[in-house]
Protein chains: 2
Amino acid sequence: LQRYGTVAIVGVGLIGGSIGLALRARGLTRRVVGIGRGEATLDEARRLGAIDAGTTDLDRGVAEAEIAVVCTPVTRIAADVMRAAERGPDGILVTDAGSTKVRIVEAVQAHERPRGTFVAAHPIAGSERKGVAHSRADLFDGRVCVLTPNEHTPADRLERARSFWRSLGCRLVEMDPRAHDDALALTSHLPHAVASALAAAVPAELLPFAAGAYRDGTRVAGSDAALWAGIFCENRVPVLKALSAFQDQLTSFRAALQSGDEGQIRHWWESARSRRRLFDVEPSNLGTESADGRL
Amino acid sequence: LQRYGTVAIVGVGLIGGSIGLALRARGLTRRVVGIGRGEATLDEARRLGAIDAGTTDLDRGVAEAEIAVVCTPVTRIAADVMRAAERGPDGILVTDAGSTKVRIVEAVQAHERPRGTFVAAHPIAGSERKGVAHSRADLFDGRVCVLTPNEHTPADRLERARSFWRSLGCRLVEMDPRAHDDALALTSHLPHAVASALAAAVPAELLPFAAGAYRDGTRVAGSDAALWAGIFCENRVPVLKALSAFQDQLTSFRAALQSGDEGQIRHWWESARSRRRLFDVEPSNLGTESADGRL
């Protein structure tokens, strides 16, 4: 059952901590080493059972790692991946959990050793809550994880990356980094931008009159600012395109409302509502895992 | 403890059903009569314990009512309020649960008897789910209920309306119908429009890559189309203004993103995030009830 020796987790926040908890809860590994910037977080991660040992020294942390999973903010991932690849043992598999892929993959594949160890990944799961304290062993259970291998990705590392992410409960999808970033701009980055615009549009003095629609519509506006500024910058052009698609919908609604034609408004609403219903019946949202891990 | 004799509920859906359940669960009334358009819904409401008896005949339903609560869609409320006022006993209090107030109040106050019995109300609670099957006895517990009395509202009816909505667990706020409609355009109608625009902006084939941000940001897009087309039409101008306020936020975000300035994006995000945090500490969102029922 213990498939792995040492797994190194670079960045022990919500995602890194949840990977550690999942690995340990499933008995998949002999040892989880957490690599962080501060002793306090590492102590907390150890206390919560997310890691067995912690260090602030990346080189030492990856020295015996069979797998290194980089879970730092997207703007730092490429550098951390390269460092882990350079300093880890020869056989190391390096993977990541970043919300964007194009820039990371481009940066890493310019370097020979990192390119030969790296399989880019994005487990689509998260929370507006930050930090290892909010980690959950079941965060990835039944969730989609996108892998974005390319012609430089060694077959053995790809097979190990598939096995690793599947072992955490993920259902795998493989696609081009560009297709990933375009898709996630619409399915994740846009909803985050919209949530924050909505949060800010309601004056503070009217908040007593807000209820469930505002609460849920703005939940992810509570996410970390630096983290999201990084994601938006890394994926600027696809997010701008996603904003335009959203803008088109809003413009249709405004036109229907301006006309005052109740039938037109109802028609617009029905079409949005049926899209939302499709989401509810998506297998990835039913909390079940398909037999072969594909969508 | 039984403060009321017969309470008539006109329209036994999610809201009407929840009022019935709350009245019965709290032992506040001798009898709840439900008035609906179809026998099937009335049977279901009776089976669920939301009403004691049901009828499709409004005149018979309100004949012995001390209080009639009109919970039909906003476009039908004024007519139902007037009918209940005309056909109910002399002492009847008529109130409603509509999401808009200006048009309803204007229509009702043009008629003498209805004007003398009516206190307009809006308990701010709901769900994207439709129908009596989703009713909950605690739907109004700790929620704000806005009353919009004016100079025509008889003092005795106002006092009874306050007592009625408080007895369901609501915290009362009294304001002008126009102020109510302007506020709710921002706090409720805008979030609904945004949720549906967001739902529709993501192509069906990308839904497997959507997760929590899309799920929560679009939840209320599942709401009933006819109901919401009615609310938008009733509150057209304030909703158009609310859309502009939202548009301004989106435009700021787009400008920050276009500039590619990470600091500017972070700054925009922080300001939205702090607004969202204010909502989380709103007393009305803590599920507690203040001693005097005011905000």
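Computed from a predicted structure; not experimentally measured. Just so we're on the same page: letters track the sequence lines, and every chain starts at 1.
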Peer 1: Could you tell me which non-hydrogen atom of A:Ala225 sits nearest to which non-hydrogen atom of B:Glu270, and how far apart they are?
Peer 2: CB-OE2, 3.4 Å

Peer 1: Measure A:Ser244 against the heavy atoms of chain B and call it side chain, backbone, both or neither at under 4.5 Å.
Peer 2: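 Both backbone and side chain.
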
Peer 1: Which pair of non-hydrogen atoms, one from B:Ser188 and one from A:Ala213, has the smallest distance, and what is that distance?
Peer 2: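 Minimum heavy-atom separation between B:Ser188 and A:Ala213: O-CB, 4.4 Å.
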
Peer 1: With a 4.5 angstrom heavy-atom cut-off, could you sort out which part of B:Ala195 is near chain A: side chain, backbone, both or neither?
Peer 2: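 The answer is neither part of B:Ala195.
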
Peer 1: Would you mind checking which part of B:Ser274 comes under 4.5 Å of any heavy atom in chain A, side chain (CB onward), backbone (N, CA, C, O), both or neither?
Peer 2: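 Answer is neither: B:Ser274 stays 4.5 Å or more from chain A.
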
Peer 1: For B:Asp248, which atoms come within 4.5 Å of any heavy atom of chain A: side chain, backbone, both, or neither?
Peer 2: neither

Peer 1: Are B:Arg215 and A:Asp216 packed together at the side-chain level, in the sense that at least one heavy-atom pair is separated by less than 4.5 angstrom?
Peer 2: no

Peer 1: With chain B as the partner, which of A:Ser196, A:Gly263, A:Ala183, A:Ala199 has the greatest number of non-hydrogen pairs under 4.5 Å?
Peer 2: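 Ranked by contacts with chain B, first place is A:Ser196.
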
Peer 1: Might you work through the side-chain contact (heavy atoms from CB on, under 4.5 Å) test for A:Leu250 and B:Phe246, ending with a clear yes or no?
Peer 2: CA-CA 10 Å; A:Leu250 214 57; B:Phe246 174 72; 3.6 Å; yes

Peer 1: Tell me, for A:Val146 versus chain B, whether the close heavy atoms (under 4.5 Å) come from the side chain, the backbone, both or neither.
Peer 2: side chain

Peer 1: Side chain, backbone, both or neither: which part of A:Gln247 has an atom under 4.5 Å from a heavy atom of chain B?
Peer 2: side chain

Peer 1: A:Arg276 versus B:Ser223: any side-chain heavy-atom pair under 4.5 Å?
Peer 2: no

Peer 1: Roughly how far, to the nearest 0.5 Å, is the CZ atom of B:Arg236 from the CD atom of A:Glu262?
Peer 2: 12.5 Å

Peer 1: Look at A:Asp182, A:Leu227, A:Val194, A:Leu243 and state which one has the largest set of heavy-atom pairs under 4.5 Å with chain B.
Peer 2: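 Maximum pair count with chain B is reached by A:Leu243.
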
Peer 1: Return the minimal non-hydrogen interatomic distance between A:Leu278 and B:Ala204, and the atom names on each side.
Peer 2: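 Heavy atoms of A:Leu278 and B:Ala204 come nearest at CD1-CB, 3.6 Å.
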
Peer 1: To check you understand the geometry: which heavy-atom pair defines the closest contact between A:Arg219 and B:Gly212, and what is its length?
Peer 2: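 Here A:Arg219 and B:Gly212 meet closest at NH2-O, 3.2 Å.
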
Peer 1: Any non-hydrogen side-chain atom of A:Pro208 less than 4.5 Å from a side-chain atom of B:Val173?
Peer 2: no

Peer 1: For chain B, find which of A:Ser271, A:Pro203, A:Ala242 contributes the most heavy-atom pairs closer than 4.5 angstrom.
Peer 2: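 Sorted descending by pairs with chain B, the first entry is A:Pro203.
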
Peer 1: What part of A:Leu184 gets within 4.5 angstrom of chain B, counting heavy atoms only: side chain, backbone, both, or neither?
Peer 2: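 The side chain, not the backbone.
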
Peer 1: Of the listed residues (A:Ile265, A:Leu240, A:Asp261, A:Thr75), which shares the most heavy-atom pairs with chain B below a 4.5 Å separation?
Peer 2: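 Among the listed options, the one with the most contacts to chain B is A:Leu240.
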
Peer 1: Out of B:Gly260, B:Ala200, B:Ala245, which one racks up the most heavy-atom pairs below 4.5 Å with chain A?
Peer 2: B:Ala200

Peer 1: At a heavy-atom separation under 4.5 Å, does A:Ala193 approach chain B through its side chain, its backbone, both, or neither?
Peer 2: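 Interface part for A:Ala193: both.
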
Peer 1: Looking at A:Ala201 and B:Leu186, what are the two nearest heavy atoms and their distance?
Peer 2: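 Between these two residues, the closest heavy atoms are O-CD2, 3.6 Å.
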
Peer 1: Within the distance-only criterion (no hydrogens, no angle test), does the side chain of B:Arg277 pair as donor or acceptor with the backbone N or O of A:Gly222 below 3.5 angstrom?
Peer 2: no

Peer 1: Looking only at heavy atoms, what is the nearest atom pair of A:Ala197 and B:Trp268, with distance?
Peer 2: N-CH2, 3.5 Å

Peer 1: Between A:Ile124, A:Val237, A:Thr218, which has the largest tally of heavy atom pairs under 4.5 Å with chain B?
Peer 2: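 Winner by heavy-atom pair count: A:Thr218.
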
Peer 1: Does any heavy atom of chain A fall under 4.5 Å from the side chain of B:Glu205, the backbone, both, or neither of them?
Peer 2: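 For B:Glu205, neither part sits under 4.5 Å from chain A.
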
Peer 1: Return yes if some donor-acceptor pair links the side-chain N/O of A:Thr187 with the main-chain N/O of B:Phe209 below 3.5 Å, else return no.
Peer 2: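 Yes, the answer is positive, given that a donor and an acceptor are paired below the 3.5 Å cut-off.
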
Peer 1: With a 4.5 angstrom heavy-atom cut-off, is it the side chain or the backbone of A:Ser252 that approaches chain B, or both, or neither?
Peer 2: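 The answer is neither part of A:Ser252.
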
Peer 1: Find out whether A:Val202 and B:Arg275 are in side-chain contact, i.e. whether some heavy atom of one side chain is under 4.5 Å from a heavy atom of the other.
Peer 2: no

Peer 1: Below 4.5 Å from any heavy atom of chain B, which atoms of A:Tyr214 appear? Answer side chain, backbone, both or neither.
Peer 2: both

Peer 1: Heavy-atom pairs under 4.5 Å with chain B - which of A:His267, A:Gln264, A:Gln249 has more of them than the others?
Peer 2: A:Gln249

Peer 1: Check the angle between the aromatic planes of B:Trp269 and A:Phe232 and answer parallel, tilted or perpendicular using the 30° and 60° thresholds.
Peer 2: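 Rings of B:Trp269 and A:Phe232: tilted, 30 to 60°.
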
